[in-house]
Student: 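Here it is, the structure in full.
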2 protein chains.
Amino acid sequence: MTVWDRPEPPTHPVPLDRERIVAAAIALADEGGLEAVSVRKVAARLNAGPMRLYGYISTKQELFDLMVDEVHAEILPEEQPGDWREALRVLAHHTRQAALRHEWLADLLGGRPTLGPNGLAVTEAALAALDGLADIDTVMRAVETVSAYFTGAIRREIANLRAERATGLSKRDWQRASGPHVTRMLATGRFPALAKAVYDGTDVDAETSFTTGLDWVLDAVAAKLTRP
Amino acid sequence: MTVWDRPEPPTHPVPLDRERIVAAAIALADEGGLEAVSVRKVAARLNAGPMRLYGYISTKQELFDLMVDEVHAEILPEEQPGDWREALRVLAHHTRQAALRHEWLADLLGGRPTLGPNGLAVTEAALAALDGLADIDTVMRAVETVSAYFTGAIRREIANLRAERATGLSKRDWQRASGPHVTRMLATGRFPALAKAVYDGTDVDAETSFTTGLDWVLDAVAAKLTRP
DNA sequence: TCTCATATCGATACACTGTATTTCTCCCTT
DNA sequence: AAGGGAGAAATACAGTGTATCGATATGAGA
């Protein structure tokens, strides 16, 4: 690789904005997880010096906030279904799908209040779906409850998915036989209910489990709405 | 601080075990959050060299796993209430209280499968509470749903609490008037439902909100149990 | 058009991180 | 008493987030 092969470096600094920075950071995170996102690497991907980013963000945490907000744009449904139940379901599933596309989202979900424009828009969509169907306090409680559920469920799903990938075993195999630790623990007899669950339970796929729990929670919300 | 004031360093290396290591790590995390936990600092607190710890754990992540499991010992109820509903409620509240005592727990909750002895014991307790009240699959779904809820709810609560501390404003004040960003966003009129919630909603304390949502979810579980 | 001021970008610097590897020291066995 | 082996400590490395500072390039003013 001689001088002649290499292009001259750009004389003008490459133009930058938050959008480009966030896109680069998301690309890095999609490829290598959250810990692959470093200020230096993001800057390098943009042909800029690391310190340059600090004109646009003042802390790495803020970069994460921007990334989360950016993904919330994917979560926001293009058009709001009329049915409140369907609206909340769509929000939950969109969030889950976003987390499957961007697994690092699971690490950040629920970790900080989402105050970016897209985050607020998602909250607005959730509140709007229930608007008028009950007093405002009930509506708030409903939104909080549903989103607490799917936040937790998504985190667990991704955590399990990573564990499966790391061990190369499906959750089932790994609990059943090949996971030395768990097998040993179950064999002690100290966890009879857990053993029964592992050995007698049918293992449903993650999406079904997610949907089932979601429907239960939505049922609960429905019950509170009808009785204001 | 002259030589004469300082005691001689111990000639024999201080004895170590996982328990001591985890206790030191938890103490550090309680004082300064998760990011205050570094291998060097944990080791220093034990009068040991950093590398010593790697005889007991093989990665820092494993230290976090041990910390989480240790806290699960606080979560486990000393005696199981007969009522399934009460049992799950206690589990949820104990988890919440543990997270209030150890805020760093919120950062880790749901992040990885909890396979330590105490983590398994907590899961066992949850499953045992519902054992026999429905088919095993329903029971599993119920436990998953409830724990997804309280995991998510606790994370949000801690996230809000930190935000309030950081700004010095209560969530209410901060949304209402003093939070420049949120105020500005609400003033745009793009978030009518959100604005209504902020201005017309009564702000309940975190515990009430937690309990309310939990009861809803438990209602949903109850509904599924009675109809097997 | 030339000079100076100001803003911005990049380089350097610092204190720290997790962890691999090497060096040393002390104890036990022969 | 000597040798060997285990385990602790020191060193080393490749990174990290971010403060600070020096150079540079661009705009304004004369």
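In what follows, every chain begins at residue 1, and chains take the letters A, B, ... in the order their sequences are listed.
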Student: Between P on C/dC9 and CG on A/Asp17, what's the gap in Å once rounded to a whole number?
Tutor: 12 Å

Student: Under 4.0 Å: is that the gap between some side-chain N or O of A/Thr59 and OP1 or OP2 of D/dT18?
Tutor: yes

Student: Whole Å only: how far is the CE atom of A/Met51 from the P atom of C/dA7?
Tutor: 21 Å

Student: Tell me: CD of B/Glu35 to P of C/dC16, nearest whole Å?
Tutor: 14 Å

Student: Rounded to the Å, how far apart are A/Lys60 NZ and C/dC16 P?
Tutor: 18 Å

Student: Across the strands shown, which category fits B/Val42 at heavy-atom distances under 4.0 angstrom: base, sugar-phosphate, nothing?
Tutor: nothing

Student: Could you state the OH-C1' distance from B/Tyr54 to D/dT11, rounded to the nearest angstrom?
Tutor: 15 Å

Student: Counting only side-chain N and O atoms of B/Lys41, is one of them less than 4.0 Å from OP1 or OP2 of C/dT17?
Tutor: yes

Student: Would you mind reporting whether A/Tyr149 and B/Val217 have side-chain heavy atoms less than 4.5 Å apart?
Tutor: no

Student: Grab the CZ-C1' distance between B/Arg52 and D/dG7 for me, whole Å please.
Tutor: 8 Å

Student: I want to know whether B/His93 and B/Phe210 have ring centres closer than 6.0 Å.
Tutor: yes

Student: Check A/Asp65 with A/Lys60, please: is the shortest side-chain N to carboxylate O separation under 4.0 Å?
Tutor: no

Student: Could you tell me how far apart B/Leu28 (CG) and C/dT17 (C1') are, to the nearest whole angstrom?
Tutor: 15 Å

Student: Any N or O donor-acceptor pair under 3.5 Å from the base of D/dG17 to the side chain of A/Arg40?
Tutor: yes

Student: Distance-only, no hydrogens or angles: does the A/Glu74 side chain make a donor-acceptor pair with backbone N or O of A/Ala98 under 3.5 Å?
Tutor: no

Student: Roughly, in whole Å, what's the span from CG in B/Leu53 to C1' in D/dA10?
Tutor: 15 Å

